[in-house]
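Shown next, in structure tokens, is the structure this report addresses.
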Amino acid sequence: MAKRVLSGIRATGRLHLGNYLGAVKGMLELQDRSDLETLFCVVDLHATTTPYDPKTLPQNTRSVILDYLACGINPGKSALYVQSDLADLIAQLSFYFSTVETIARMQHLPTFKDKVKQHPNNVTMALLNYPLLMAADILIYKAELVPVGIDQEPHLEVAREIARKMNDTYGTKFPEPVRFATSGEYVPSLTGEGKMSKSVEGSYISLTDNLELITKKLAGAPTDSGKGEIVPPTGGVANLLKFVELFEGIEKRKMYEEKYMGEGIRYGDLKKELAEAIYKELKPIQEKRKELEHKTSYVDEVIKSGAEKARKIAQETVLEVKEKMGLVKKLRVNNQ
Ligand code: TYM
């Protein structure tokens, strides 16, 4: 049987370069491998774990589906679906998982602590359960490979832990999923601090940004005098060089590093060239997305058939877990 691959992106609006390089690029690579079965989704249930607007959620969910397709996710190869279309099965499985996981473990996750800081008045059960829901997303297909950025590693660790605990407690046969890393597994912020993130204004470039906007955003990225004995390992300059590496290649990065330690870098030139390299990669994606915006019934059909394909596998797993947990009679044994 082909190994399965699962990944998801929250329905928080348009994708940024971090999502694209850290997750989507990995998905594209894996969907082309004939030894793998790939499933990708928009996790709209996860989007409800922090304050959100129910009126704009459907539009945000759809927007991520369009971004997936525009980036090259091929529905002929990968099942593409919306998480809440399988809410009955996924939320159900996450409840079963909650019988083997402790509250203390969930409260100590760095991702949970960050969200508590961001939204101190919204520390809900849904937020605490976030990693269990994610474990259910993955394990419902017994997926073994998960293309995601490095920031998701603590959640994957929980998924592995849940798989072990479910297997030990109930005798299920969940595999322990591992992360599939890309060269953009950690895309830094344009602000010079931390990672690129939708929740930090000024930190990101969206997949829909035009050349003018990309140029403007890069112009605001912090730099220094352009010269020194060693290239700074962190901060604005280090981040800019990471972008050069990701979009113009390692050789170009090395060239700038040498310049930094020699005659000096002219950041105006670096930023102009970098903006053009980024836009060159985004332009075809933007063109394809425009076309897709008019293909409403095609996109509806993609989502519908993706969910049907996913549901077939998901149903099997949920039934198996229910049987193992003593929640259904062993109907399949002797056909009784
Ligand atoms: P989310 O929606 O925050 O991000 C989607 C994907 O983008 C990656 N990413 C980054 N990668 C590199 N550098 C960055 N600066 C950067 N920012 C975001 C994320 O690592 C992720 O791969 N919990 C998940 C959603 C989820 C999921 C799942 C993922 C729910 N269930 C099952 C995989 C499998 C999240 O919040 O991703």
Atom [atom1] in [X], atom [atom2] in [Y]: separation rounded to 0.5 Å?
X: Ser78; Y: Leu39; atom1: OG; atom2: CG; answer: 8.0 Å
X: Leu190; Y: Ile205; atom1: CG; atom2: CD1; answer: 5.0 Å
X: Ile73; Y: Phe40; atom1: CD1; atom2: CZ; answer: 5.0 Å

Does a salt bridge link [X] with [Y], judged by any charged N lying under 4.0 Å from a carboxylate O?
X: Lys283; Y: Glu287; answer: yes
X: Glu157; Y: Arg160; answer: yes
X: Glu257; Y: Arg253; answer: yes
X: Lys272; Y: Glu276; answer: yes
X: Asp32; Y: Lys77; answer: yes
X: Glu37; Y: Lys309; answer: no

Could you list all the ring-ring contact (aromatic ring centres under 6.0 Å, His included) pairs where at least one residue sits in residues 238-268, not counting sequence neighbours?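 Applying ring-ring contact (aromatic ring centres under 6.0 Å, His included) to every pair that reaches into residues 238-268, excluding sequence neighbours, yields nothing.
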Minimum heavy-atom separation for [X] to [Y], with atom names?
X: Gln286; Y: Asn210; value: NE2-N, 4.5 Å
X: Leu6; Y: Pro147; value: O-CD, 3.6 Å
X: Leu89; Y: Ala314; value: CD1-CB, 3.8 Å

Honestly curious: do Val187 and Val64 fall in one hydrophobic cluster under the side-chain, below-4.5 Å linking rule?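 Per the 4.5 Å side-chain linkage, Val187 and Val64 are co-clustered.
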Would you please name every residue forming a salt bridge (charged side-chain N to carboxylate O under 4.0 Å, His left out) with Lys288, sequence neighbours left out?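 Expected list: none.
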Checking Asp209 now: which residues fulfil salt bridge (charged side-chain N to carboxylate O under 4.0 Å, His left out) with it, not counting sequence neighbours?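 For Asp209, the residues satisfying salt bridge (charged side-chain N to carboxylate O under 4.0 Å, His left out) (neighbours in sequence not counted) are Lys217.
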Flag, side chain of Thr182 to backbone of Gly184, donor-acceptor distance under 3.5 Å: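 Yes, the answer is positive, given that a donor and an acceptor are paired below the 3.5 Å cut-off.
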Check whether any side-chain N or O of Thr317 sits under 3.5 Å from a backbone N or O of Ile140 as a donor-acceptor pair, and report yes or no.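 Confirmed, Thr317 side chain pairs with Ile140 backbone.
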Counterpart residues, side chain to side chain donor-acceptor pair (under 3.5 Å), relative to Glu248 (two or more places apart):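 Counting only residues at least two positions away or on another chain, Glu248 forms no side chain to side chain donor-acceptor pair (under 3.5 Å).
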Taking only residues at least two apart or on different chains, which pairs with a member in residues 111-136 satisfy side chain to side chain donor-acceptor pair (under 3.5 Å)?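 Every side chain to side chain donor-acceptor pair (under 3.5 Å) pair that includes a residue of residues 111-136, provided the two are not neighbours, is Thr111-His155.
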Members sharing Tyr52's hydrophobic cluster (side chains within less than 4.5 Å):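 ILVMFWY cluster around Tyr52 also holds Leu57.
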